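Just below is one structure, and these are the notes that go with it.
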Protein chains: 2
Amino acid sequence: MDQNKIPQATAKRLPLYYRFLNNLNQQGKKRVSSKELSEAVKVDSATIRRDFSYFGALGKKGYGYNVEYLLGFFRSTLDQHEITEVALIGVGNLGTAFLNYNFMKNNNIRITKAFDADPEKVGKEIRDIPVYHIDDLEKLANIKVAILTLPADEADAIANKLVENGITGILNFTPARITVPKSIRVHHIDLAVELQALVYFLKHYSLEK
Amino acid sequence: MDQNKIPQATAKRLPLYYRFLNNLNQQGKKRVSSKELSEAVKVDSATIRRDFSYFGALGKKGYGYNVEYLLGFFRSTLDQHEITEVALIGVGNLGTAFLNYNFMKNNNIRITKAFDADPEKVGKEIRDIPVYHIDDLEKLANIKVAILTLPADEADAIANKLVENGITGILNFTPARITVPKSIRVHHIDLAVELQALVYFLKHYSLEK
DNA sequence: CTCAGATTGTGAAAAATATCACGACTTATT
DNA sequence: AATAAGTCGTGATATTTTTCACAATCTGAG
Ligand SMILES: NC(=O)c1ccc[n+]([C@@H]2O[C@H](COP(=O)([O-])OP(=O)(O)OC[C@H]3O[C@@H](n4cnc5c(N)ncnc54)[C@H](O)[C@@H]3O)[C@@H](O)[C@H]2O)c1
Ligand SMILES: NC(=O)c1ccc[n+]([C@@H]2O[C@H](COP(=O)([O-])OP(=O)(O)OC[C@H]3O[C@@H](n4cnc5c(N)ncnc54)[C@H](O)[C@@H]3O)[C@@H](O)[C@H]2O)c1
């Protein structure tokens with residue numbers, strides 16, 4: 001799609017930069033250096049400059065970056081000028097927490113529809129977000145992104161139904177590794193794995209770098 | 001600590017391997033190849049063999065890996081033979097979801113204590129996990145790992161108090177980037193960033209690799 | 001107008017990670 | 001016993017990501 005793809009590692013940091021720039025802007029700050037940014041987001045300043053440089057020369061030597069300009073640039077790069085709708089699948093413990101969360105400080109992504117299999121939950125609304133039955137996936141309409149917070153053993157089958165109904169990006173919180181066409185982008189957030197990895201690091205990597 | 005450190009990328013995959021091996025073992029499977037593992041966990045088979053090889057020769061050429069042996073090996077490598085206690089800080093939407101979650105399928109990490117500032121919550125129990133006041137951090141006793149699910153603007157101050165009380169690893173779900181001594185290991189899970197990054201990838205990286 | 005100090009953008013190097021591809025060995029079959 | 005098929009472990013290579021380090025340039029003070 002984009003001809004000049006930026007590195008994935010860079011892409012993953014963009015939202016972080018964007019959020020911090022928003023903070024700065026709200027504080028009325030006019031300029032910022034890669035050094036200040038670095039301290040705030042905990043990314044090496046050279047990495048930040050390199051990241052920015054993929055988009056051209058956004059700053060001024062000897063001066064730094066203009067906050068408002070940079071913010072505007074990232075806003076359009078990250079499509080934050082318009083709302084991106086997201087669906088949530090599985091209104092359980094975790095799913096309900098997400099629905100209740102005011103996801104959206106400095107961020108134009110919104111969960112606008114939820115789906116569940118439980119008749120008790122279908123038809124309700126949580127914070128204005130309607131809960132539909134998982135069999136009514138045509139209700140997805142134009143939504144392209146789904147958050148998976150349902151039981152792991154349902155994940156694969158449901159993910160594939162989502163894809164049939166137009167979903168192209170999935171944020172998967174279940175421990176299941178789902179199998180979908182490779183044109184579909186899946187990101188995993190696996191809390192148990194994260195915890196175990198953290199414990200491993202503590203045990204085996206303490207102290208020195 | 002460990003003399004022969006394995007790559008971080010490898011360490012992050014170990015819990016994933018461990019979980020899948022557990023599944024296989026429960027299904028009564030006796031052997032497994034890197035190819036099968038690869039399909040299940042969605043990691044290239046050469047990467048899996050390389051990962052394993054950091055620990056020595058765990059498999060047999062022409063045969064594959066013995067499930068039980070490998071499982072036992074990872075169990076001790078990941079300290080799964082004994083329970084690792086974890087504290088949760090901030091019993092709100094997200095924190096409550098974690099407390100309610102039966103975190104612990106094939107996994108010996110347990111949240112055993114929670115802390116909050118809200119007098120309404122302090123003194124209660126959620127699924128047998130007591131909620132203490134955030135000023136009573138000596139109740140942490142020997143716990144080394146904390147999960148941060150409190151408001152972002154409290155994160156930095158509380159994180160530093162946790163460190164003073166013996167915490168050495170933090171899993172931070174708040175959007176705040178906390179500043180702690182560098183001997184402390186912090187992993188961030190930033191849901192908003194993950195979502196935005198996913199949307200960015202969809203928009204700019206569709207189709208081809 | 002000049003100059004000291006700050007800060008970018010980027011070539012080059014380093015480090016980390018992933019993948020290829022094959023020799024060596026194992027198992028199972030005939 | 002010989003052979004075919006399967007699979008590991010790993011040297012070598014490729015790719016990705018991070019970091020160094022500095023010339024080029026801008027700002028702001030005097
Ligand atoms: N809660 C946590 O803290 C936590 C932590 C890590 C991982 N997870 C994972 O997140 C997922 C959800 O966890 P949870 O604690 O919210 O579980 P939960 O049981 O509370 O919620 C699951 C929800 O999914 C719904 N559901 C079941 N089958 C469905 C289907 N076919 N289609 C649509 N909805 C369906 C259920 O009705 C329920 O509302 C699980 O896979 C879990 O492993 C949860
Ligand atoms: N809920 C979500 O889906 C979600 C998603 C992404 C990120 N987060 C982040 O996770 C954090 C928690 O979110 P939430 O929705 O659970 O918020 P919440 O407001 O529901 O819960 C916060 C809890 O922290 C407690 N608290 C406040 N100050 C405290 C202190 N000093 N010490 C201890 N506890 C204190 C509050 O009493 C409350 O129980 C926030 O930083 C939020 O940005 C939440």
Side-chain angles (χ1 to χ4, degrees), chain A residues 2 4-14 16-17 21 24 29-70 73-74 182 188 197 200-201 204-205 208-209, chain B residues 2 4-14 16-17 20-21 24 29-71 73-74 182 188 197 200-201 204-205 208-209:
Chain A
D2 261 8
N4 38 1
K5 303 259 180 63
I6 59 164
Q8 299 219 1
T10 296
K12 290 186 184 168
R13 285 187 291 263
L14 297 183
L16 208 54
Y17 300 144
L21 288 170
L24 288 182
K29 265 203 121 212
K30 292 296 174 209
R31 56 184 272 191
V32 65
S33 68
S34 61
K35 188 145 164 286
E36 285 173 273
L37 271 167
S38 171
E39 278 153 24
V41 301
K42 314 281 179 196
V43 172
D44 185 272
S45 68
T47 301
I48 292 177
R49 292 200 299 283
R50 173 78 62 198
D51 283 348
F52 288 3
S53 77
Y54 293 116
F55 299 100
L58 301 178
K60 273 195 200 145
K61 300 185 180 186
Y63 174 85
Y65 301 89
N66 177 296
V67 171
E68 209 168 306
Y69 174 76
L70 204 54
F73 180 81
F74 279 122
K182 57 189 168 320
H188 288 274
Y200 181 87
F201 279 113
H204 298 267
Y205 287 70
E208 76 279 64
K209 207 216 153 159
Chain B
D2 260 9
N4 39 0
K5 302 259 181 63
I6 60 163
Q8 300 218 2
T10 296
K12 290 187 183 167
R13 284 187 291 263
L14 297 183
L16 207 54
Y17 300 145
F20 186 64
L21 288 169
L24 287 182
K29 265 205 120 208
K30 292 295 175 213
R31 56 184 273 194
V32 65
S33 68
S34 60
K35 188 146 165 287
E36 285 174 274
L37 270 166
S38 170
E39 278 153 24
V41 301
K42 315 283 179 194
V43 171
D44 186 273
S45 68
T47 300
I48 292 177
R49 293 199 301 281
R50 173 79 62 198
D51 282 349
F52 288 3
S53 77
Y54 293 116
F55 300 99
L58 302 177
K60 272 195 201 144
K61 302 185 179 189
Y63 173 86
Y65 301 90
N66 178 296
V67 172
E68 210 169 306
Y69 174 76
L70 204 53
L71 183 61
F73 179 81
F74 278 121
K182 57 190 169 319
H188 287 275
Y200 182 86
F201 278 114
H204 299 267
Y205 289 69
E208 75 279 64
K209 205 206 159 170

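The sequence lines fix the lettering, A, B, ..., with proteins before strands; numbering per chain opens at 1. Computed from a prediction, not measured in an experiment: that's the story for all the values here.
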Separation of atom OH in A:Tyr54 from atom P in D:dT16, rounded to whole Å: 11 Å
Pairwise distance NZ(B:Lys60) to OH(B:Tyr65) - rounded to 0.5 angstrom: 13.0 Å
Atom pair distance, as rounded to whole Å: CD1 in B:Ile48 and C1' in C:dC20: 16 Å
Test item: B:Ser33 side-chain N/O and B:Glu36 main-chain N/O as donor-acceptor pair under 3.5 Å: yes
Selected nucleotide, minimal atom distance to A:Gln8 side chain, candidates D:dT17, C:dT10, C:dT17: D:dT17
Sort me out a list of protein N/O and nucleotides 24-30 of chain C N/O pairs below 3.5 Å, or just none if empty.
| unit_1 | atom_1 | unit_2 | atom_2 | d |
| --- | --- | --- | --- | --- |
| C:dT26 | O4' | B:Lys61 | O | 2.6 |

A:Ile6 CD1 - D:dT17 P separation (whole Å): 10 Å
Heavy-atom donor-acceptor pair, A:Arg50 side-chain to D:dT19 base, under 3.5 Å: yes
Whether A:Tyr17 and A:Phe74 hold their rings parallel, tilted or perpendicular, with breakpoints at 30° and 60°: tilted
Heavy atoms of other groups near A:Lys35 NZ, more than 12 under 6.0 Å: no
Residues, nucleotides or ligands: over 12 heavy atoms within 6.0 Å of B:Lys29 NZ: yes
Whole angstrom value for the distance that separates P of C:dC20 from NZ of B:Lys35: 14 Å
Distance in angstrom units between B:Asp44 CG and D:dT10 C1', rounded: 14 Å
Under 4.0 angstrom between B:Arg49 side-chain N/O and C:dA21 OP1 or OP2: no
Main-chain N/O of A:Tyr63 paired with A:Arg31 side-chain donor or acceptor, under 3.5 Å: yes
Listed nucleotide nearest any side-chain atom of B:Ala46, set C:dT19, C:dA12, D:dT17: C:dT19
A:Ser34 side chain near C:dT7 phosphate (N/O to OP1/OP2, under 4.0 Å): no
Spacing of A:Lys12 atom NZ relative to D:dT16 atom P, expressed in whole Å: 13 Å
A:Asn66 CG to C:dA6 C1', straight-line distance once rounded to whole Å: 17 Å
Any donor-acceptor pair under 3.5 Å from B:Ser34 side chain to B:Arg49 backbone: no
Rounded distance in Å - CG (A:Leu37) to C1' (C:dT7): 12 Å
Under 4.0 angstrom between A:Tyr65 side-chain N/O and C:dG9 OP1 or OP2: yes
